[in-house]
Amino acid sequence: MNTEFIRASHHVLTYELKEGTKSSFYLKEGNVNLLPQRLSFMPYSGKEGKRKAYFEINGTYKLNEVGKYYTLNKRIVHTKITSVESYPSFVGWGEIDERFNVYDLLIIHSTNNCKHSFQVHLFIGMAKVNYLVSVCNYLLTFLNNKSPKNGLLKG
């Protein structure tokens, strides 16, 4: 897969835990016109589907918010997060939203096991199984280029 194509579809959003909560994270950095300002990140509590999930992300746009997925599911964003076994440095991946033929890929990355913060790496139109390895390889290179040795903080 073409790296330029992957790079063009890539958006990074950083969420931080709201003080006094266990699973409520607020957008601190990134495009405010994509995902809801608040997401909950928690262990997956539903029944097993077609893939084994470990976590889930839920969010609801407030009435005054705007976002890419605002009209899809009554303002609700939900995805199951599944591990990427070949890439243990990532928490996992999810998709928004196959039911509406959107197929946007989310890869979750955190240096603190999502206890204080995490990054959502959103890849527009890339939630197809045959793209996952190429996107993960691209993302590893992207994250390595943002390491402290290059003068940038790693998120």
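Any value given below was found using the heavy atoms of this structure, including those in side chains, with hydrogens, waters and symmetry copies removed. Numbering of residues begins at 1 and proceeds along the displayed sequence.
Follow the hydrophobic side-chain contacts under 4.5 Å out from Leu132 and you reach Leu140 in the same cluster. Under the 4.5 Å side-chain contact rule for hydrophobic residues, Leu27 and Met42 do not share a cluster. Both Val12 and Tyr131 are part of a single hydrophobic cluster, where members link through side-chain heavy atoms under 4.5 Å apart. Hydrophobic clustering, with ILVMFWY side chains joined whenever heavy atoms are under 4.5 angstrom apart, groups Leu34 together with Phe100. Residues Leu72 and Leu63 are members of one and the same hydrophobic cluster, defined by side-chain heavy-atom contacts under 4.5 angstrom among Ile, Leu, Val, Met, Phe, Trp and Tyr.
The two residues Arg38 and Ser40 come nearest to each other via the heavy atoms NH1-CB, 4.1 Å. Ser23 and Leu17 get closest at one heavy-atom pair: N-CD1, 4.0 Å. What you find for Ile6 and Ser134 is that their closest heavy atoms are CD1-O, 3.8 Å. For Pro36 against Tyr61, the heavy-atom pair with the smallest separation is N-CE2, 3.5 Å.
A side-chain donor-acceptor contact under 3.5 Å links Asp97 to the backbone of Arg99. No donor-acceptor pair closer than 3.5 Å links the side chain of Tyr70 to the backbone N or O of Asn33. Not one N or O on the side chain of Thr14 forms a donor-acceptor pair closer than 3.5 Å with the backbone of Gln119.
Aromatic rings of Phe90 and His121 (six-membered ring for Trp) have centroids beyond the 6.0 Å cut-off, not under it.
Here Ile108 pairs with Phe41, Ile57, Ile81, Val91, Cys114, Phe118, Val120 under the side chain to side chain contact (heavy atoms under 4.5 Å, CB included) rule; sequence neighbours left out. Partners of Thr60 under the side chain to side chain contact (heavy atoms under 4.5 Å, CB included) rule, at least two apart in sequence or in another chain, are Arg75, Ile76. Partners of Asn73 under the side-chain hydrogen bond (donor to acceptor under 3.5 Å, both in side chains) rule, at least two apart in sequence or in another chain, do not exist in this structure.
Each of Ile107, Asn137, Leu139 was evaluated against Tyr87; a single residue qualifies, Asn137, per the side-chain contact (heavy atoms from CB on, under 4.5 Å) test. Considering Leu105, Ile124, Asp104, Val135 in turn, Ile124 is the only one that fulfils the side-chain contact (heavy atoms from CB on, under 4.5 Å) rule with Ser9.
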